[in-house]
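One structure below.
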Amino acid sequence: MPAPSTPPLRFRDPGHDKYHFACTDRVLVRCPKCERQAQVVPVPRDADSATPRRSAERRLVCRHCGLSRKRDEQTMTFRWYGDPEMSDPCFQVPLWLRTRTRHGLLWAYNAEHLDLLRQYVQATLREHDPWHEPWRKMGLIGRLPAWIKQAKNRDEVLRGLDRMRASLAG
């Protein structure tokens, strides 16, 4: 009798857009002053404010050297996998979580983004909602380059994600 097969690891696309990890919480960046890990965080706002979180003011803070910069401008410049450096959409400083593979640059905005990428890459069964709305086609997962999505690159991409995870501890 053949051994029972293990069920495939499933990933269900949560449907996040490009703003989800870049705007909801902190983005880990390389400090332009000391080159150590810094954060871009939303400036706390009062509860009465009707300003959506996406357009909230942002602050670049470094706990190592004390750098603090505030950005009032509400436009964000997103760069995707064609960018050789990959930077924060607010201050345009390099992301902390990035590593090179032989296929290209692998990056994440923060630990939560890194976890989502890991879940997607290691899954052998990837599901998404039907694309009834045109904007759903190019969500965060839809924008991933083909080399990340290919099963033949799974081990290499997972090693890259592990290297980025290790940089969080240090």
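These numbers come from the heavy atoms of this one structure, side chains and all, not from hydrogens, waters or symmetry mates.
Looking only at side-chain heavy atoms (C-beta outward), L168 and L97 come within less than 4.5 Å of each other. Using a 4.5 Å heavy-atom threshold, the side chains of L67 and C34 count as separate. Between R69 and P32, some side-chain heavy-atom pair lies under the 4.5 Å cut-off. Side-chain atoms of P42 and R58, non-hydrogen and from C-beta on, do get closer than 4.5 Å to each other. The side-chain heavy atoms of R118 and L158, taken from C-beta on, include a pair separated by under 4.5 Å. Two residues are said to be in side-chain contact when any heavy atoms from C-beta on lie closer than 4.5 Å; Y19 and P89 fail this criterion. Counting only heavy atoms from C-beta outward, the side chains of L117 and V157 never approach each other to under 4.5 Å.
Considering N110, D88, L28 in turn, L28 is the only one that fulfils the side chain to side chain contact (heavy atoms under 4.5 Å, CB included) rule with Q39.
Between the E156 side chain and the R102 main chain, a donor and an acceptor come within less than 3.5 Å of each other. The backbone N or O of V121 lies less than 3.5 Å from a partner atom in the side chain of R126, making a donor-acceptor pair. Side chain of R26 to backbone of V41: no donor-acceptor contact under 3.5 angstrom is found. A donor-acceptor contact shorter than 3.5 Å is absent between the side chain of R163 and the backbone of T99. Put simply, the side chain of D17 gets close to the backbone of H20: a donor and an acceptor are under 3.5 Å apart. A donor-acceptor contact shorter than 3.5 Å is absent between the side chain of S68 and the backbone of V61.
Nearest heavy-atom pair across P14 and L116 is CG-CD1, 3.8 Å. Taking every heavy atom of both residues into account, F91 and R71 meet most closely at CZ-CB, 3.4 Å. Taking all atoms of both residues into account, the shortest heavy-atom contact from Y109 to M86 is OH-CE, 4.1 Å.
W107 and H113 have perpendicular rings, their planes meeting at more than 60° on a 0 to 90° scale where under 30° would count as parallel. Between Y120 and F11, the two ring planes are perpendicular [angle over 60°; tilted spans 30° to 60°].
Taken to the nearest 0.5 Å, the SG atom of C65 stands 5.0 Å off from the NZ atom of K33. Atom CZ in R98 sits 10.5 Å away from atom OG in S167 (nearest 0.5 Å). Atoms CG and CZ, on L106 and R159 in that order, are 12.0 Å from each other to the nearest 0.5 Å. Here the CD atom belonging to Q122 is positioned 9.0 Å from the CZ atom belonging to R154, to the nearest 0.5 angstrom. Here NZ of K149 is found 8.0 Å from CD1 of I141. Values are rounded to the nearest 0.5 Å. The line from CZ of F21 to NE2 of H16 is 4.5 Å long, rounded to the nearest 0.5 Å.
Side-chain atoms of N153 and Q150 form a donor-acceptor pair, as typed in the model, at a separation below 3.5 Å.
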